[in-house]
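Only one structure is covered here, and it is reproduced in the block below.
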Amino acid sequence: MKITICCVGKVKESFFRAGIEEYKKRLSKYCKMEIIEVADEKTPDRASEAEEKAIKEKEGERLLRNISGKAYVIALAIDGKKLSSEQLAEKINMLGIQGKSHIQFVIGGSLGLGSQVLNRADFLLSFSDMTFPHQLMRVILLEQVYRSYRMIHGEPYHK
């Protein structure tokens, strides 16, 4: 299975980068892992709703250029479906059983994802009603994918 995370912006904090690298290393035992970063747009202070929409659409166009037509796309969206860790593991496992060889997770920038990316997604996933920094979300997502593979392979993982 190939797992790709398409995301907006670069991770600046070294502690986030260290966490990302650690989980990429751990995941290499289970899948081929790739992270694609696209440029983010500057958001002016007190941006209007129209400006925010335009920013999300621009970032979305960049994301869509990196989304494979054959991939199963899971977009992270606050209004998506909430899954337990066990349910996410089951979803990943079932996608593999159904012959899906590539899953692409999409993480938007600070404003979220534009409508065209949400419409392209096969599944909208929410981790919480809370808002997380998109850089931290990469670490959380990687940890949950790693946890999923441990569960799929019947290996112990901290509960």
Side-chain angles (χ1 to χ4, degrees), residues 1-12 16-41 53-153 157:
M1 174 81 67
K2 180 177 179 182
I3 303 284
T4 302
I5 298 176
C6 292
C7 41
V8 174
K10 296 205 176 294
V11 175
K12 296 168 185 74
F16 286 147
R17 285 196 310 268
I20 289 166
E21 289 307 313
E22 178 63 26
Y23 282 111
K24 280 177 64 178
K25 185 175 85 178
R26 291 181 187 192
L27 278 162
S28 67
K29 174 180 174 184
Y30 303 104
C31 64
K32 183 177 179 194
M33 169 58 60
E34 175 184 33
I35 296 178
I36 299 171
E37 296 176 333
V38 301
D40 56 349
E41 289 290 312
K53 182 179 181 198
I55 289 167
K56 289 192 291 188
E57 297 304 318
K58 257 188 201 174
E59 291 173 345
E61 289 169 9
R62 291 181 190 130
L63 288 166
L64 287 170
R65 283 195 290 269
N66 289 283
I67 293 176
S68 166
K70 295 180 181 179
Y72 186 89
V73 177
I74 299 175
L76 275 60
I78 201 160
D79 57 348
K81 183 169 174 53
K82 292 177 186 71
L83 300 177
S84 67
S85 296
E86 293 82 4
Q87 289 170 321
L88 179 61
E90 180 62 23
K91 182 156 196 68
I92 291 171
N93 192 41
M94 287 306 298
L95 288 169
I97 290 169
Q98 294 167 356
K100 303 289 183 191
S101 61
H102 188 189
I103 300 172
Q104 284 191 280
F105 290 92
V106 183
I107 303 173
S110 60
L111 298 175
L113 292 168
S115 59
Q116 78 271 41
V117 176
L118 295 172
N119 290 334
R120 166 56 184 94
D122 297 298
F123 186 81
L124 300 181
L125 176 64
S126 174
F127 275 77
S128 173
D129 289 331
M130 292 184 232
T131 302
F132 296 103
H134 58 283
Q135 297 177 353
L136 175 59
M137 204 58 236
R138 290 186 211 180
V139 180
I140 295 170
L141 175 60
L142 284 165
E143 188 280 334
Q144 285 297 301
V145 172
Y146 174 67
R147 182 183 296 262
S148 293
Y149 275 106
R150 297 282 296 186
M151 289 177 189
I152 290 165
H153 288 88
Y157 200 87

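Atoms considered below: every heavy atom in the structure, side chains included; atoms not considered: hydrogens, waters and symmetry mates.
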Are side-chain heavy atoms of [X] and [Y] found at a separation under 4.5 Å?
X      : Y      : answer
Ser85  : Gln144 : yes
Lys81  : Phe123 : yes
Ile152 : Tyr30  : no
Val139 : Val11  : no
Ile103 : Leu95  : yes
Lys12  : Gln135 : yes
Glu59  : Asp40  : yes

Please check if the number of heavy atoms outside Lys91 that lie under 6.0 Å from its NZ is greater than 12. yes
Could you tell me the separation between the [atom1] atom of [X] and the [atom2] atom of [Y], rounded to the nearest 0.5 Å?
X      : Y      : atom1 : atom2 : result
Glu57  : Gln116 : CD    : CD    : 4.0 Å
Met1   : Ser101 : CE    : OG    : 7.0 Å
Lys10  : Glu37  : NZ    : CD    : 4.5 Å
Ile92  : Ile74  : CD1   : CD1   : 6.5 Å
Leu142 : Ile20  : CG    : CD1   : 6.5 Å
Ile3   : Lys24  : CD1   : NZ    : 13.5 Å

Taking every non-hydrogen atom, the tightest pair across [X] and [Y]:
X      : Y      : answer
Ala71  : Asp122 : O-OD2, 3.7 Å
Gly80  : Ser126 : O-CB, 3.4 Å
His134 : Gly109 : ND1-C, 3.8 Å
Leu88  : Ser148 : CG-OG, 3.7 Å
Cys7   : Ile35  : SG-CG2, 3.9 Å

Side-chain ion pair, Lys25 and Glu22, N-O less than 4.0 Å: yes
Taking the basic N atoms (NZ, or NE/NH1/NH2) and the acidic carboxylate oxygens, is any pair closer than 4.0 Å for Arg147 and Glu143? yes
Is Gln104 reaching over with its side chain to a backbone N or O of Asn66, donor-acceptor style, under 3.5 angstrom? yes
Expected output: side-chain Asn93 to main-chain Ala89 donor-acceptor under 3.5 Å: no
Which is it for Glu90 and Leu83 under the side chain to side chain contact (heavy atoms under 4.5 Å, CB included) test, yes or no, and what are the steps along the way? CA-CA 10 Å; Glu90 180 62 23; Leu83 300 177; over 6 Å; no
Testing Lys53, Lys56, Arg62 one by one against Glu41 for a salt bridge (Lys or Arg N to Asp or Glu O under 4.0 Å), which residue passes? Arg62
Hey, mind stepping through Ile140 and Met137 against side chain to side chain contact (heavy atoms under 4.5 Å, CB included) and telling me if it holds? CA-CA 5 Å; Ile140 295 170; Met137 204 58 236; 3.7 Å; yes
Over 60° means perpendicular and under 30° means parallel, so tell me whether Tyr146 and Tyr23 are parallel, tilted or perpendicular. tilted
Val106 and side chain to side chain contact (heavy atoms under 4.5 Å, CB included): which partner among Val8, Leu113, Ile36, Thr4? Leu113
